[in-house]
Amino acid sequence: MKNPLFILWLIVAAALTFGLARLVDNAYFYFAGYVVLQYIVLSTAWNILGGYTGYVNFGIPAFIAVGAYSTVVLHKTTSLPLVAMIAIGGALSALLGVGTGYLTLRLRGTFFSIATLAMAVVMQTLVTNWDFVGGSRGAYIIRPATVQYLGINYIEYLFLIMLGLSIFAVATARAIEKSRLGFGFATIRDDELAAEASGVPTLKLKLIACGLSGGFMGMAGSPLPYYVTYLDPASTFSLSYAVNTIAMPLIGGTSSWLGPILGAILLGTLQQVATVTISSAVSLLIVGVLLVFFVIVAPKGILGWFQK
Amino acid sequence: MSGAQPILQVSGLSKRFGGFVALADIELEVKAGERLGLIGPNGSGKSTLVNCLCGTLRNESGTVRFQGQPMDGLAAHQRTRLGMARSFQLPRPFGTLTLAENLRIPLLYAVQTRDSMPEAAIDKRCMDLLRMVGLHEKATRLPKDLTQIEMRKLELARAMAAEPKLLIADESMAGLSNQEVDDILALLVKLNEEQGITIILIEHIMRAVLSFSQRLVVLVAGRKIADGDPRDVVRQDDVVAAYLGS
Amino acid sequence: MDISFDLLGNALVSGLLLGGFYAAVTIGISISFGMLDIVNIAHPAFILLGSYIAYIMNANFGFDPILTAIVAMPAFYALGVAIYHIYDVSFERRGDTALRGLSFFFGLLFITEVALTLVFGVDYRLVEAVYIGPTLHFGVIDLPLRLLVPALVSVALMVCLHLYLSRTFIGRAVQAVAQDPLALRLMAADPSRIKRIAFGLSIATASLAGAVLIIIQPVEPSIGREYIGRIFAICVLGGLGSFAGTLVAAIILGVMENITATFFGPSWAPAVAFGFLLLTLAFRPSGIFGRA
């Protein structure tokens, strides 16, 4: 399937999703749907680096936070539209990705992963000590009730934005998979020495993957302040973002764009249900256990069950 | 093609790992179109030399010139793009890619950076290369399905896919049957004679190296101790001592 | 910010003691990451497990935390052996230690944290012992036993491990497995078995590290994460697997953190370790004593 056709299919799927949401017409559906969509973007973004090139990023909250806190700053200082804030948050987050990659990717792969863990804590400390965005007390964002020119509730608008970002992320991931870049990423995952010997500029490609991955995570985080209306460092840097974002592609399957979507929808929905019916701590425990279970028992994820 | 112009010039090349001197002051010239054999006991620095030539390791001192151009500071992938390809002693295929896709990588990343190739030409070239090494029927298989000799052939085909002017074949034919060794040697000679590719062969099996090489270089403990006609070199006392133990 | 000598001196001394404690926390990682090349980012979770065991025994039966930890060490060793077995079969032999192996440990870290939260809540827990509270005074310098005892226990632990690794056959095999698995196989030792023992040892140290942690500070389930950066910073800076290097790096970090906390405020202290780690990875990945 050619890319334009694929994007058309994605848009149709998105339109159906939004139509369904309008039909249900329940604010909870939008709130829950937003979270699932956000995880589609996050896990797709993570998989561009993790699944395609094999480099594990644990610093997901740091990238989300760059997007979210750039929105807080822009909200306080400008009257930019949300879409522009997402673009800025994404760009800053992409820079963070490239910067981290540049500093650590020339070393052994595991150092990159450890560095991303460290980076999240450094960022959290910086934000906690940054009074302009509320410091440890957090920041309140007043969410407009409606979006005038579309004539819909703001939560519907956020849902729509996240739907658009999901299309963007998934279409990008799929386009990479079938391209020269995608083949280059795969050689990095398989054998970097052999990749270099075959003419693949591994460092450059890894930086591209870091930038793309970080950029999408930042974009996913940018609307977050409007969604939660109260943003504090402790919950923004929560480990559950990292666990979910890593678990979803690994459970769905890392080899293809479909894996992260499968993982995000299944795990995201499961968590929404478990949080309501049991407790949020138990639902997180389930995610952790599933993650460990899948990496041991089903290394190819759910997608692996359908391949021979 | 087989002019007197050196394709590769190595001068004063040294490499140390901490306090251990892996290569000391290596001088080496390879003429375009030549078939050079490089031998030496285990740990003599052969692989280190290959890695320094290809840019996988950085040498502390000395220079490597390829077609007259200094290679200092050029990464491995840049050297491959300029026309220097290598095979690895232990085959390192891309495990999640099919055989055809394995060969696609150098075409996309080395050949295409020099001149553009339409998609159909790439596919055809992959199949031609697989046919050359007799793996065309397994084009859509994964490397894990290959035997040891097939793996070696894939490794060579991938190096050839980069369309090199100089091929550094770090071979390890130990464990292959005589027939299989001859197959690989025949392939290498054919590449050299028909396509004019300069080849440096690194190999342990003396019979193979002798039948292949026009010139033989011997490394012992990081130093070059002999360089010349294979028949003369193997009679040299220090070479005999290094191989048979003194 | 007024830099007084007393303040600086005390920050230095308690930083030194803190460093001793950090060495105990790191030593497990020096074995697993430094010697075996297993990136066990879940190590702090096992340390916390040690803390909570010390807490339970102390709160319910009044047992001494350090004695409890020593008694619990065989159980931790067994846990480590079991985990290495899973890791070996599922990831090392499949050649997938990077993506899935790392995620496995990340999952373990997370499960432990959430499970501890479910059982104990997010309240800080602490232990009681005779040496928590009293402080020795030398002129203007204070030596709180709460810090001194953990530092001494750490040094004792390091000395024991060092003797074990350098004097026994298995210990030497552990050091060999890092450098040359082939040579080890020639010695007719099974690398898997040696690694299993070594990983078991690394987890066993977490029992003791957990006990000294809860002596030094009250614990809650999420503080383990703060230690990830610390222990990897120390381990890398110390030169991966060198005990002497680990101790020196741990002391440097302890002193730096303490000075930062004293003069800039405790909320900046966590960034010191992680910033340190980032800088180390970026500019001196071979450690302070390594050849660049």
Side-chain angles (χ1 to χ4, degrees), chain A residues 1-3 47-55 101-102 105-109 175-209 249-250 253-259 299-301 303-304 307-308, chain B residues 47 50-51 53-58 74-98 100-114 116-117 119 122 126 142-144 154-155 157-164 167-168 170:
Chain A
M1 210 187 325
K2 288 273 185 290
N3 283 321
N47 203 43
I48 290 177
L49 185 64
Y52 296 173
T53 73
Y55 277 82
Y102 187 77
L105 278 176
R106 282 165 295 180
L107 309 167
R108 294 192 298 170
I176 289 171
E177 237 171 71
K178 304 285 167 195
S179 71
R180 177 171 182 260
L181 192 61
F183 276 116
F185 285 170
T187 64
I188 291 174
R189 178 187 60 208
D190 286 353
D191 192 325
E192 277 191 47
L193 218 54
E196 275 282 326
S198 302
V200 181
T202 51
L203 181 61
K204 188 175 132 197
L205 257 52
K206 284 186 276 184
L207 292 180
I208 292 174
L250 285 168
T254 52
S255 60
S256 142
W257 56 272
L258 190 58
K300 288 186 175 161
L303 281 182
Q307 295 155 349
K308 66 172 178 110
Chain B
S47 288
V50 173
N51 286 330
L53 294 180
C54 297
T56 309
L57 290 173
R58 292 286 152 92
L74 291 189
H77 70 270
Q78 290 166 308
R79 301 186 195 200
T80 305
R81 289 173 174 189
L82 288 170
M84 195 193 273
R86 72 175 293 188
S87 62
F88 288 92
Q89 191 179 8
L90 293 171
R92 308 181 73 125
F94 301 121
T96 60
L97 303 183
T98 65
E101 286 169 341
N102 261 273
L103 302 189
R104 232 183 140 75
I105 303 301
L107 290 170
L108 290 175
Y109 277 96
V111 179
Q112 273 214 329
T113 54
R114 298 192 293 258
S116 74
M117 243 176 145
E119 186 66 19
I122 292 181
C126 289
L142 291 176
K144 65 173 162 43
L154 175 67
E155 186 76 18
R158 192 178 60 193
M160 287 311 300
E163 293 178 9
L167 171 65
I168 302 174
D170 195 353

So how far is it from [X] [atom1] to [Y] [atom2], rounded to the nearest 0.5 Å?
X	Y	atom1	atom2	result
A/Thr187	B/Arg92	OG1	CZ	12.0 Å
B/Asn102	A/Phe183	CG	CZ	10.0 Å
B/Phe94	A/Asp191	CZ	CG	6.5 Å
A/Arg180	B/Tyr109	CZ	OH	5.0 Å

With sequence neighbours left out, the residues meeting side chain to side chain contact (heavy atoms under 4.5 Å, CB included) with A/Thr202 are A/Ile188, A/Glu192, A/Ala195, A/Glu196, A/Val200, A/Lys206
Checking heavy atoms, do the side chain of [X], its backbone, both or neither come under 4.5 Å from chain A?
X	answer
B/Thr113	side chain
B/Thr56	side chain
B/Ala75	both
B/Arg104	side chain

Taking B/Gly95's backbone N and O only, do any of them form a donor-acceptor pair with A/Asp190's side chain (distance below 3.5 Å, no angle check)?
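Pair found, side chain donor or acceptor close to backbone of B/Gly95.
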Below 4.5 Å, heavy atoms only, C-beta onward: do B/Arg81 and A/Ser198 meet side chain to side chain?
no
Can you give me the closest heavy-atom contact between B/Thr80 and A/Gly199, atom names plus distance?
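Closest approach of B/Thr80 to A/Gly199, heavy atoms only: CG2-N, 3.8 Å.
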